[in-house]
Structure formats: structure tokens, C-alpha cells
Number of protein chains: 2
Amino acid sequence: MGVTTAEIDIPTDEAPAALSISAVAELTGVSAHALRYYERIGLLSVKRDHAGRRLYAPQDVQRVVFITRLRHTDMPIRDIQRYFTLVQAGPATESERLELLVRHRESVQAQLANLHTALEAIDFKIAVYGGSDRSCL
Amino acid sequence: MGVTTAEIDIPTDEAPAALSISAVAELTGVSAHALRYYERIGLLSVKRDHAGRRLYAPQDVQRVVFITRLRHTDMPIRDIQRYFTLVQAGPATESERLELLVRHRESVQAQLANLHTALEAIDFKIAVYGGSDRSCL
DNA sequence: CTAGAGCTTAGAGTGCACTCTAAGTCAAGA
DNA sequence: TCTTGACTTAGAGTGCACTCTAAGCTCTAG
């Protein structure tokens, strides 16, 4: 719901809408606690309003989504930190970023292979119903 | 190496060969520490030799392999415990085991979907080279 | 003016799955 | 006989990624 939440139409020409931490939490499924944690460890750098509250710009939200995707592939927080440190550092680091991504892609492909193997084992157990010890694969 | 380690040829007609903890560790890639841990929490029940050392029968090794597959799919240790508790309890629990496996299969399929989504995002970043903030997906 | 919701911070606590330590036993080789 | 090395145990420690707590600030509604 509420993609238009917290939208400000008239007052500023400030681009497309800044979201509160709770809005981002709801939108992305990442808890507010985790969002603050991500910021603390340098994955994110979010502007504040006059009262010191976080205002998430669309690109911040996109970054959260991308972090979530990487976490779903079990990329360690360390590596995600390293990646965004490189992004911060500018275009000179592009080849290193690329290398990092390519290496991670291999890990994802390995995970996919693992999952397929495991799925076969589970399917086999299901097929033999109940899975006695004998039929381990 | 040493598949023949600790093999006893003549004395007993005890089936096909029992492996030491280190042999199983090497064979399966699960550390000896982890193997003891698995036993402690009830995932495994392994016989001892006269000196109290673990002797892994082939079906024990197969169970370790199956546990590893389940762990690769992020099944929580709790659920694996539950599964093997049901196996222990005999054929009356087959339908519950089946249900558990079917539910887990769904989770594996969800993981596969997640991985594919993430892989696409990574591939996209790689395609646009270096992955500037703009191109988050 | 006041109450309450929702935010802020630093820092402590949690749960998972190992992983390691310490102290001891045992069998085989020099 | 002595040493070496692999094993045993109970229990403590580790690393990761959050997750929560406590104390305090600020905006809005009543």
C-alpha cells in the first residue's frame, strides 16, 4: 500500500518524495532497527530533517532494496560494506567493483546448484514417502 | 584418503565398514567439532568402540550428508531435529514428516526464486559495469 | 498545556550454529 | 617405557546480523 505516503506536492521543488524510516521499513520489509544498523555500519548515508529525523530519498530506498537482494544471496555484510565503500570512492574503483560482483555471481550460481541438489534430495524423500533412513541421498 | 581406516576384516560379520570421526569429517566436509555437536543435540546417534570412540556406520554418514543438504537450504537446526525425532518415533509419524518436507520444499522454491531475482540484479549491475547508484534494481 | 506517537542516540542483549578449550583416556610406534 | 596423536567429555567462547533498551527530543491532536 501507500506508495504515495508522505508525498509533498507543492512546497519545495525537492525531487520526488522523501520517506520516513517507518515508511521505508514497511515498503522494503527491513526493520527500522536494521535500517539504522545499516547506516551505522556505513551501508547507507541518509539525510535528516530539521529535527534530526531520517529522510530516505528514492535512491536510498533503492539501495536498501539492493542490499536486501545481496543479503538474500548470503553476501556477508563485510562484502556489501566493501562494495559501497568502492561506490563512494568514485569511478576509479569500477574494475574492483566489477570483480567483486563477478565473484559474487559465481557464489550465487554455486548456491543455486546446491539448492537444486538439495531439492532433488527432498523430492526423493517425498517420493518415497516419510523418508526412512535407508533412502538418504 | 584411508577409506579402509579402522576396518576390521575377520573378527565380526559386522557389515561394511565403520569410519572414525576424522574420516567422516574429511569425507563430508563437516568438522569433527560439528559432528559431535550434531550428536549432542540429537541429530545423530553413533556407536562407540571399546575405547569409547565414535564409529560411523554407512547410514550415519548418509544422515550427515542429508543434514548437510538440509543446512544448505537454510533449514533451521530445530526443524532438522524435529524431522529426525519423527524418524526415530517410527512409521506412525510419516504423514507429519511428509508435511514437514513439503513445507520445506516450498521454502526451498522460494529461495530459488529469490536467488534468481538477485542474480538478475547482479547481472544487471555487471552489465552496466561498476554499478552506479542510479542503476539499482 | 499536556499526552502520546514516533523519532533520535549509544550501547547492551539475543539467537543461531558452530568452534574451541581444558583435562583426560587410549593405542601404537621409537 | 615414553611420547605422540587422535580421540573423549562438559562447558565456555565466537562471529554474524541483527534486535532491543533506555533516556531523551519533537511534532501533532485534544
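Just so we're on the same page: letters track the sequence lines, and every chain starts at 1.
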| task | Starting at atom CZ of A:R48, determine the distance to atom P of D:dC25, rounded to an integer number of angstrom. | result | 17 Å
| query | Does B:E96 reach the side chain of B:Y83, with side-chain heavy atoms less than 4.5 Å apart? | reply | no
| said: What contact category does B:R40 fall into here, base, sugar-phosphate, or nothing, at under 4.0 angstrom with non-hydrogen atoms? | reply: base
| field | Residues from residues 28-36 of chain A lying under 4.0 Å of DNA chain D - heavy atoms | value | A:H33, A:A34
| request: Side-chain contact test, heavy atoms from C-beta onward, threshold under 4.5 Å: evaluate it for A:R36 versus A:R54 and give yes or no. | output: yes
| note | Closest to the 5' end of DNA chain C, once B:H50 and B:I77 are matched to their nearest nucleotides, is B:I77
| Closest contact, heavy atoms only, A:H72 versus B:L115 | O-CD2, 4.0 Å
| Hey, does B:R53 have a side-chain heavy atom less than 4.5 Å from the side chain of B:I21? | no
| query | If you walk 5' to 3' along DNA chain C, what is the first nucleotide with an atom under 4.0 Å of a heavy atom in chain A, and what is the last? | reply | C:dC7 to C:dG11
| task | State which residues pass side chain to side chain donor-acceptor pair (under 3.5 Å) with B:D123; sequence neighbours excluded, sorted by chain then number. | result | A:R105
| field | A:I122: which of B:M75, B:R69, B:H104 passes side chain to side chain contact (heavy atoms under 4.5 Å, CB included) | value | B:H104
| Closest-nucleotide ordering on DNA chain C, the 5'-leading residue of B:Y37 and A:A51 | A:A51
| query | Hey, are the side chains of A:V87 and A:T93 touching, using non-hydrogen atoms and a 4.5 Å cut-off? | reply | no
| field | Sub-4.5 Å side-chain heavy-atom contact between B:F84 and B:F66 | value | yes
| message | Which is more 5' along DNA chain D, the nucleotide nearest B:S22 or the one nearest A:Y38? Just name the residue. | response | B:S22
